[in-house]
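Here the structure is laid out as structure tokens; the discussion comes afterwards.
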Amino acid sequence: MKVVTYAQGTHTAVGILKQDGSEVVPAHYLGCPAKDMTEFIADMTEKKLQKLKRNTELMQGIPVEDVRILSPIIHPKQDVICLGINYYAHAQEAARFSDAAFGGERPQPIYFSKRVNQAVPPDGEIDGHFDIVDSLDYEVELAVVIGKNAKNISEAEAFDVVFGYTILNDMSARNLQTAHKQWYFGKSLDDFTPIGPCIVTKDEFTNPPALAIRSFVNGQLRQDSNTSLMINHIAKVISQLSQGMTLQAGTIIAMGTPAGVGMGFDPPKFLQSGDVVTCEIEGIGVLENRIK
Ligand code: MG
């Protein structure tokens with residue numbers, strides 16, 4: 001099931017996409033009066049989800065061309081948790097760019113976070129902040145959305161607490177990321193987190209999902225991998241993070257990016273004003289954003 005946040009005029013709401021993608025059925029038609037996606041997820045149970053799935057196909061919805069699809073989670077309740085260097089080929093290209101910032105042994109996953117004042121919608125523009133950024137880069141990532149408050153979860157239980165999956169572009173200012181040693185600032189500028197176009201519930205995929213993941217700049221293929229190639233897999237990450245730390249319903253975990261980012265080329269291919277970045281993951285959709 002594909003869950004979206006959409007706008008119709010000035011009204012913003014959660015909806016379910018019909019299987020053929022033609023209509024969005026407002027969640028409140030289906031007995032889910034959540035004010036936003038985080039509330040919708042927190043209220044959801046397996047039983048309710050199955051009922052929603054059945055009823056969505058029976059209801060009259062709104063034609064998709066009459067709404068604007070926004071980021072499924074526009075204002076994440078907390079920081080977005082990110083994994084650094086989680087595909088081997090990306091580890092190699094990042095270390096070639098800056099061994100001091102990205103090289104070395106990593107026996108444990110690298111965790112960091114992004115501040116997201118407002119997620120950029122699937123067709124939204126990204127401010128490149130070119131007054132302070134000289135090396136703007138893209139990173140297509142599979143993002144896991146947690147479905148219920150989770151603490152001390154074993155790897156075997158990990159997918160029980162997953163709600164679904166979306167696409168996240170972990171936009172990065174390489175000059176800020178390397179200059180400040182800590183990656184937080186260089187990844188947290190306004191507009192640096194496009195998310196969307198929908199959340200696909202976990203029942204649509206295997207555990208863990210093995211999906212083609214790609215990015216393009218101005219139509220040119222840059223990243224081309226599969227989510228099965230992560231170094232630290234989803235169950236390990238959820239289990240490890242939840243030891244002593246509650247992962248609240250609605251938490252977003254961005255699982256790292258494969259090789260082919262701008263800093264991986266020699267010379268690097270950083271983004272310029274007017275460039276269009278397209279991120280796509282099999283079974284989820286396309287997230288396409290132009291750089292202002
Ligand atoms: Mg990243």
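Predicted model, so just to flag it, every value in this text is computed and none were measured. Note that ligands are numbered from 1 as they come in the structure, with each ligand's atoms numbered from 1 the same way. What you see below is based on every heavy atom in this structure, not just the backbone, and it leaves out hydrogens, waters and symmetry mates.
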With under 30° as parallel and over 60° as perpendicular, where do the rings of Phe185 and His180 fit, or are they tilted in between? perpendicular
Restricting to N, O or S atoms of Asp170, which is nearest to the Mg ion (ligand 1)? OD2
Quick one: do the Ser135 and Asn175 side chains pair a donor with an acceptor below 3.5 Å? yes
Would Glu141 and Thr257 count as having a side-chain donor-acceptor pair, cut-off 3.5 Å? no
Looking at Glu139, pick out the N, O or S atom nearest to the Mg ion (ligand 1) and give its name. OE1
Out of the N/O/S atoms in Glu141, what is the name of the one closest to the Mg ion (ligand 1)? OE2
Determine, step by step, whether Glu204 and Lys53 satisfy the salt bridge (charged side-chain N to carboxylate O under 4.0 Å, His left out) criterion, reporting the C-alpha distance in whole Å, the side-chain angles of both residues, the deciding distance to 0.1 Å, and the verdict. CA-CA 12 Å; Glu204 303 275 324; Lys53 205 171 174 175; 3.6 Å; yes
